[in-house]
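Reading through the structure tokens given below for one structure.
The sequence lines fix the lettering, A, B, ..., with proteins before strands; numbering per chain opens at 1. Just so it is clear, the values below take in all heavy atoms, side chains as well, and ignore hydrogens, waters and symmetry mates.
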Amino acid sequence: MIAFENAAYNYGGGELLSEVSLRLAPGSFHFLTGPSGSGKTTFLKMAYAELMPTAGHVTIFDREVKSLSRDDIARTRRRIGVVHQDGQFLDHLPLATNVMLPLMVAERRGNAEDLGALLAWVGLKHLSDALPPSLSGGERQRAALARAIIMGPDVILADEPTGNVDWEMSLRLLTLLVELNRMGKTIVIATHDLNLIRQAKNQVPARVLRISKRRIQLAGADL
Amino acid sequence: MTLPPLLSRLADPFVALMVPDRQADRVVPPSGPTAWLTTFTAGAMTFLCVFALALSLASGRLADRWSDALARTATIRLSAPPQQMQAQTDAVLALLSTTPGIASARALTDEENRRLLEPWFGPDLPVQDLPLPRLIEVVEDGQGYDGEGLRQRLAAEAPGAILDDHTRWRRPLAEAAARLRLLGWLSIVLIGATMAAMITLAANASLAANAQVVKVLRLIGAQDSYIARAFVRRFTLRALTGSAAGALAGLAGVLLLPAADAAGGFLTGLGFSGAGWLWPFILPPLAALVAFAATRRAAFKKLKELT
Ligand SMILES: Nc1ncnc2c1ncn2[C@@H]1O[C@H](COP(=O)(O)OP(=O)(O)O)[C@@H](O)[C@H]1O
Ligand SMILES: [Mg+2]
């Protein structure tokens, strides 16, 4: 699905990530972990073509990202559901519209029943008309997840989806992601919450990628 | 309605614009202070445009009328001793009948001469006893004739004949009117360009103010054309509304010009006549088209800068 080959990223003050080589196989479940500021978000941004690698190659759905036109990038992103660390909602539109937005911009018809079912699935049906700024952290995370999957993407990238929610809510979100993985979606979750990773390992054969010293390596069973 | 493929492809984004798409519109938040700027600019520019049009069309009519009048007829004045008069008249008429560009020529009768002179000398003038020049009226055909060539041939065949083609004193007037028409059209082009520039600025400001919205839309897979459309539609509709108001105000202004009667001369003609009244109604769609093109161009450029 998504492959990195000797990829590196540099914001201008030296390489933040170097020699990243890995591939995310279809249907796989990965955690990406590392201290704050180690480059988890940066890695994910490369995986959905918001950032282009400053060295090496990133291939998304078998196409080298640097060869993609702006319209290609837009179309590629419709196949990748992203739960952004900071939500990225349109604050003037109600939650239900925000969740539907990917369908709208792709000019595809959604149907109200599916949307209702999706909102119910993430437990936000009663907040359909609420504006994003009025939502709690957990509600925002679940809304972001709903928006990430509304297009039926092949890949879901979640950036600290449990960042500012309590443990109970974290487990609910994890369960949602595990369910999606069982439907065949490729999942990557960036998190520094080791408890969450342990919990997940009881449910799915998840693999852990760890960022250390600018490299990304597969962590051993010990975490 | 079927359009040729190229035309329909060009028209497509413009047609799509008129189909209501409330959903897509809401994607961009209702905008702030730049909103009225476009409406106002389009209104003011169209208002000015109506007057520039009135001026252009009026001076165009004057130019046509004057050059028509001076082009179609000329007079040849023939002075000769009485016994040679008829021979020379025949010679001149023969010469004129073989001159290319002349439709007809005819010597005025004594009766006509008398009527021409009547206002000055009264009805009882004994025309036939006076050494009056013979007047020959020359009517030009569509092609026109070579005035200088004709003068030279007249000098050879009938030395007493003088060609008076009125052009000497009327040409500068006709030229001035034509120049005025050109200036009018130039003003219209400048007004259009100014409007395009102002709308481009407003569109850029609006896009920049909505940078965060644009970023989110790009992140969830919106193509530039989708985002641009939301802005383009808005600016086009604003320009259309403003321009319609400006056109109506301009028309009212022209209608309310005090009616100058025959003595008013030049001013009588200012305003619209006949099909000319349709022109101001073409301005709002034209302004919308200018806004459409300007915003679209600005949006695609700005979107590349923003994300
Ligand atoms: N746009 C940027 N410009 C410059 N530096 C940045 C930018 N974004 C992130 N960084 C830096 O890159 C490092 C990694 O950031 P990030 O990928 O967000 O880490 P993480 O998600 O693991 O916390 C941080 O030190 C951050 O300050
Ligand atoms: Mg981060």
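- Interface residue B:L303: backbone and side-chain heavy atoms are both found under 4.5 Å from chain A.
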Next on the checklist: Between A:E50 and B:R218, does the side chain to side chain contact (heavy atoms under 4.5 Å, CB included) criterion hold? Intermediate values first, please.
Outcome noted: CA-CA 9 Å; A:E50 189 181 350; B:R218 280 294 300 177; over 6 Å; no

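- For B:K215, the part lying under 4.5 angstrom from a heavy atom of chain A is the side chain only.
- Scanning both residues, A:V105 and B:A222, for their nearest heavy atoms gives CB-CB, 3.6 Å.
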Next on the checklist: Set out, in order, the CA-CA distance, both residues' side-chain angles and the distance that settles side chain to side chain contact (heavy atoms under 4.5 Å, CB included) for B:Q223 and A:E107, then state yes or no.
Outcome noted: CA-CA 10 Å; B:Q223 292 179 340; A:E107 293 175 271; over 6 Å; no

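- Counting heavy-atom pairs closer than 4.5 Å to chain B, the top residue among A:R79, A:Q88, A:R70 is A:R70.
- A search for ring-ring contact (aromatic ring centres under 6.0 Å, His included) contacts involving A:Y9 returns A:Y11, not counting sequence neighbours.
- In this view, A:R23 satisfies the side-chain hydrogen bond (donor to acceptor under 3.5 Å, both in side chains) rule with no residue, not counting sequence neighbours.
- Heavy-atom contacts from other residues, nucleotides or ligands closer than 6.0 Å to CZ of B:F40 number 12 or fewer.
- For chain B, the option among A:I73, A:T76, A:L90 with the highest count of heavy-atom pairs below 4.5 Å is A:L90.
- Contact annotation for residues 115-154 of chain A against chain B (heavy-atom separation below 4.5 Å, listed by residue number): A:R147.
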Next on the checklist: Using side chain to side chain contact (heavy atoms under 4.5 Å, CB included), reason through A:L101 and B:L217 one step at a time and then give a plain yes or no.
Outcome noted: CA-CA 8 Å; A:L101 219 47; B:L217 290 174; 4.2 Å; yes

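- Annotation: ring-ring contact (aromatic ring centres under 6.0 Å, His included) contacts involving residues 35-88 of chain A, sequence neighbours excluded, comprise A:F4-A:F43, A:Y48-A:H84.
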Checklist entry - Going through the checks in order, is the side chain to side chain contact (heavy atoms under 4.5 Å, CB included) test met by A:R77 and B:I220? => result CA-CA 6 Å; A:R77 285 181 185 161; B:I220 59 169; over 6 Å; no

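- In terms of heavy-atom pairs under 4.5 angstrom with chain B, the leader among A:R75, A:R78, A:H92 is A:H92.
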